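Take a look at the structure below.
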Amino acid sequence: MPRPLTRGRIAAILVVGITALGILLSLGAWQVERLFWKEGLIATIDARIHAPPVDVSDVARRVVAGEDIDYVPVTARGRFLHAGERFFLATREGAAGWHVLTPLLLADGAVVFVNRGFVPYERKDSATRQDGNPADEVRVTGLARAAPTEKPNMFVPDNDPAKNAFFWRSVPDMAQGLDLPTGSRLLPFLIDAGPGQMAAGAPIGGTTVIDIPNSHLEYAITWFSLAAALLVILVLFLMHLWRRGRAIGQG
């Protein structure tokens, strides 16, 4: 048999319902804020990637100044240190392989890791693609990428420098065991090389993923819809109480 609706139970139902309504509305409003932030971020990145490239030294100055350099078009001249290649598990068009990140020694003695692009799984050993590893000075054009300081999430495996297998782009991890020329310094960011290959067998550039998901509108609609449904339930409950009170009063 249902329990009677005492004043205490009615008050508790209303408090819980109004509190839940406030939480749902807050979540919806937060998603709207995130939507505007994400749209601004996407617009900023779109404007950046279509801007003329700047010299790598300019990007280095921006990093020191604390500026955001992610996706800034950049150009750099230097000599690849192929013995320092680092490898990240990757796929391309359904095929397993590696992204090859190679230190680039610049004229001023600085060194920056360049993601040269994708090679098939069986071509991890640079001896299998010697024609694609230029020994002379090269000019690299691509996008500057901020180096993460921690793993993106707990599901990403730890980097394994001993096996030269990496899962997130930590510059300190990649620097382990790196034999750099005396007096050189490692820059705290990376460059993703643009599309194309320097030669047959070379890594295929253009691996940067710029498709940023933006589902905040759907999330906002979900939270506001739940809030609307709860509001209808509360209104119906109050109408039930009102009719009940009238029936008691007329009786």
Side-chain angles (χ1 to χ4, degrees), residues 13-54 58-74 88-94 99 101 113 115 118 142-159 166-174 187-195 205-237:
I13 291 172
L14 291 176
V15 168
V16 171
I18 292 171
T19 300
L21 181 62
I23 292 173
L24 291 172
L25 290 173
S26 297
L27 289 170
W30 178 66
Q31 288 297 336
V32 171
E33 292 179 4
R34 294 284 294 176
L35 172 64
F36 290 139
W37 169 81
K38 184 64 70 66
E39 288 178 342
L41 176 63
I42 292 172
T44 298
I45 292 174
D46 184 66
R48 283 185 182 178
I49 63 176
H50 292 100
V54 300
D58 184 58
V59 175
R61 285 193 295 270
R62 295 186 191 186
V63 172
V64 172
E67 298 180 25
D68 179 19
I69 54 89
D70 223 11
Y71 301 105
V72 170
V74 60
F88 288 71
L89 284 173
T91 59
R92 182 177 183 271
E93 298 177 352
H99 284 173
L101 274 79
F113 271 106
N115 180 6
F118 177 87
L143 297 174
R145 299 304 311 276
T149 57
E150 57 185 21
K151 285 199 302 183
N153 56 66
M154 63 181 293
F155 302 105
V156 175
D158 292 330
N159 289 327
F166 296 83
F167 304 93
W168 62 285
R169 303 201 290 186
S170 165
V171 170
D173 286 354
M174 290 190 292
L187 297 178
F189 60 92
L190 308 102
I191 296 176
D192 282 352
T207 62
T208 310
V209 177
I210 308 178
D211 183 18
I212 300 176
N214 185 10
S215 302
H216 297 294
L217 178 59
E218 290 85 349
Y219 295 150
I221 291 173
T222 298
W223 292 122
F224 284 136
S225 297
L226 291 173
L230 179 57
L231 180 60
V232 170
I233 293 172
L234 288 174
V235 169
L236 292 175
F237 179 66

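Every value quoted in this text rests on a predicted model; they were computed, and no experiment measured them.
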Compile the donor-acceptor pairs under 3.5 Å between side chains in residues 147-154 and protein atoms, sequence neighbours left out, one pair per line.
| residue | atom | partner | partner atom | Å |
| --- | --- | --- | --- | --- |
| Lys151 | NZ | Val156 | O | 2.9 |
| Lys151 | NZ | Asp158 | OD1 | 3.0 |
| Asn153 | OD1 | Phe155 | N | 2.9 |
| Asn153 | OD1 | Val156 | N | 3.3 |

Qualifying salt bridge (Lys or Arg N to Asp or Glu O under 4.0 Å) pairs with a residue from residues 43-54, counting only residues at least two apart or across chains: Arg48-Asp68
Thr207 OG1 to Phe88 CZ distance, which is reported to the nearest 0.5 Å: 11.0 Å
Heavy-atom closest pair, residues Ala146 and Ile69: N-CD1, 3.7 Å
Nearest atoms (heavy-atom pairs only) where Ala51 meets Pro73: O-CG, 3.4 Å
CH2-CG distance between Trp37 and Asn214, expressed to the nearest 0.5 angstrom: 9.0 Å
side-chain contact (heavy atoms from CB on, under 4.5 Å) between Phe224 and Val32, intermediate numbers included: CA-CA 10 Å; Phe224 284 136; Val32 171; 3.9 Å; yes
Intermediate values then yes/no, side-chain contact (heavy atoms from CB on, under 4.5 Å), Trp223 and Leu25: CA-CA 7 Å; Trp223 292 122; Leu25 290 173; over 6 Å; no
Over 12 foreign heavy atoms within 6.0 Å of OH, Tyr219: no
Interatomic distance, Leu217 atom CG to Ile221 atom CD1 [nearest 0.5 angstrom]: 4.0 Å
CD1-CG distance between Ile49 and Asp70, expressed to the nearest 0.5 angstrom: 11.5 Å
Side chain to side chain, Val63 and Glu67, heavy atoms closer than 4.5 Å: no
Check: Glu218 main-chain N/O paired with Ser215 side-chain donor or acceptor under 3.5 Å: no
Cation-pi, Phe189 ring and Arg145 (6.0 angstrom, 45 degrees): no
Over all atoms of both residues, closest heavy-atom pair of Ala144 and Val59: CB-CG1, 4.0 Å
Step-by-step side-chain contact (heavy atoms from CB on, under 4.5 Å) determination, Leu35 to Gln31: CA-CA 6 Å; Leu35 172 64; Gln31 288 297 336; over 6 Å; no
Side-chain heavy-atom pair Phe113, Ile191 within 4.5 angstrom cut-off: no
Trp168 backbone acceptor or donor facing Asn159 side chain under 3.5 Å: yes
Distance-minimising heavy-atom pair for Gly28 and Ala220: O-CB, 3.9 Å
Heavy-atom side-chain proximity of Arg62 to Val54 below 4.5 angstrom: yes
Validation row: Val74, Leu143 side chains within 4.5 angstrom (heavy atoms): no
Spacing of CD1 belonging to Ile13 relative to CD1 belonging to Ile18, to within rounding of 0.5 Å: 11.5 Å
Leu230 CG to Ile23 CD1 distance, which is reported to the nearest 0.5 Å: 10.0 Å
With sequence neighbours excluded, residues passing salt bridge (charged side-chain N to carboxylate O under 4.0 Å, His left out) with Arg61: Asp58
Residue pair Tyr71 / Thr208, side-chain heavy-atom distance below 4.5 Å: yes
From CA spacing to verdict: side-chain contact (heavy atoms from CB on, under 4.5 Å), Arg169, Asn115: CA-CA 10 Å; Arg169 303 201 290 186; Asn115 180 6; 3.5 Å; yes
